[in-house]
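Each ligand, and each atom within it, is numbered from 1 in the order the structure gives. Just so it is clear, the model here is predicted, and its values are computed rather than measured. The analysis underlying the following values was restricted to heavy atoms, covering all of them including side chains, and did not include hydrogens, waters or symmetry mates.
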Amino acid sequence: MKRTILALTTLTLLAAAAQARTWDQIKASGTIKIATEGAFKPFNYFEGKKLTGFEVDLGTAIAKQLGVKVEWITQPFDNLLIGLGQDRYDFVIASHGITPERAKAVDFSDPHYCTGGAIISKPGGPKTAADLVGKTVAVQVGTTYLDNVSKIKGVKEVKTFPKDTDAEAALMAGRADAWVSDKFLGLDAVKSMPGKLVQGDLLFQEKIAMAVKKGNESLVKELNASLAKLENNGTYAKLSNQYFGQDIRCR
Ligand code: ARG
């Protein structure tokens, strides 16, 4: 018994002592490890076996600008910030909105885009917060969509799904009256299924940023400097236009 307690304490201490890699250590290793989800089109998704999207291209451009190679790691959305705490990768770029709650657990970079949570439904379905009263709403678990929809009084049921694409599928299959997701992602979905989906009101706005392990100041500094360079040298605008037909940076 004593031994077990001792072993457990040692493990806990080791875990706590594990340090996130500083920028100097990452640079010396030659490779930065970036995590994302891979199921949030057009931000981070798979095209066949290839991980791609605005955030994947942006992350790759940041690594290139910083002069290191990149290793991509994909994780379910709900695990991404936890893995950061366990030093499984150096930073996360997966459309995380900056929230006070998340900011207790991780440190955020400057925002890499500004957006909002929008209502998406089938033609004739709910379009406003008031329309959601008495309705079933599908959202991805662990998201700001869940937090915000939960605050609306009178919603009949909020159904949560591991992936945003599952929430979309629930709407399409008639198991939900509305889906709440990113406004740019929604526009993309509406465009790819003409006549099948419509985008309603924005429920809230948010700033999206990259996350590093709490206290990794040297890395945040490099990420911010690199993002600023890409915003100033046209790289950001080119990528944003390619994926969205507009520049989605915060203004
Ligand atoms: N912007 C929303 C949030 O901050 C959703 C992010 C979902 N990202 C993803 N890769 N599925 O919670």
Side-chain angles (χ1 to χ4, degrees), residues 33-47 50-60 62 72-85 88-120 129 137-152 158-171 176 178-189 192 199-212 239-240 243-244 248-250:
K33 294 185 201 168
I34 317 179
T36 191
E37 182 198 26
F40 203 58
K41 191 180 177 212
F43 294 100
N44 58 80
Y45 64 103
F46 281 93
E47 226 165 49
K50 190 177 177 267
L51 181 65
T52 186
F54 175 66
E55 290 181 305
V56 175
D57 286 358
L58 188 61
T60 301
I62 287 174
W72 283 99
I73 293 139
T74 54
Q75 290 279 308
F77 180 71
D78 218 19
N79 290 350
L80 282 166
L81 299 187
I82 299 169
L84 207 47
R88 294 167 67 180
Y89 27 77
D90 301 306
F91 76 93
V92 172
I93 183 163
S95 290
H96 284 92
I98 300 174
T99 67
E101 213 201 334
R102 287 174 179 161
K104 281 184 206 151
V106 300
D107 283 339
F108 282 109
S109 68
D110 292 335
H112 61 279
Y113 73 95
C114 268
T115 186
I119 302 171
I120 305 149
V137 185
V139 290
Q140 183 180 24
V141 76
T143 59
T144 50
Y145 316 130
L146 172 58
D147 297 342
N148 283 275
V149 173
S150 305
K151 283 189 216 146
I152 302 172
V158 186
K159 286 191 176 165
T160 59
F161 297 88
K163 291 193 284 181
D164 189 63
T165 45
D166 300 330
E168 176 184 11
L171 168 68
W179 162 42
V180 173
S181 186
D182 182 82
K183 75 165 178 186
F184 296 114
L185 184 147
L187 289 175
D188 192 73
S192 70
Q199 182 145 328
D201 286 357
L202 276 194
L203 291 177
F204 65 99
Q205 305 206 10
E206 62 180 351
K207 290 185 174 158
I208 306 293
M210 297 170 266
V212 302
L239 284 178
S240 182
Y243 283 100
F244 307 102
I248 66 169
R249 80 184 69 185
C250 299

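Lys159 NZ: more than 12 foreign heavy atoms inside a 6.0 Å radius.
Side-chain contact annotation: Thr52 with Glu47, donor-acceptor N/O pair under 3.5 Å absent. In this structure, a donor-acceptor pair under 3.5 Å is absent between the side chains of Asp164 and Tyr145.
Annotation: ligand 1 has protein neighbours Glu37, Phe40, Asn44, Phe77, Ala94, Ser95, His96, Gly97, Arg102, Gln140, Thr143, Thr144, Tyr145, Glu206, Ile208, each with a heavy atom less than 4.0 angstrom from the ligand.
Residue pairs meeting the salt bridge (Lys or Arg N to Asp or Glu O under 4.0 Å) criterion with at least one member in residues 107-117, sequence neighbours excluded: Asp107-Lys214. Among pairs with a residue in residues 179-189, none fulfils salt bridge (Lys or Arg N to Asp or Glu O under 4.0 Å), at least two apart in sequence or across chains.
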Listing, residues 73-83 side-chain donor-acceptor contacts under 3.5 Å, not counting sequence neighbours, or none:
none

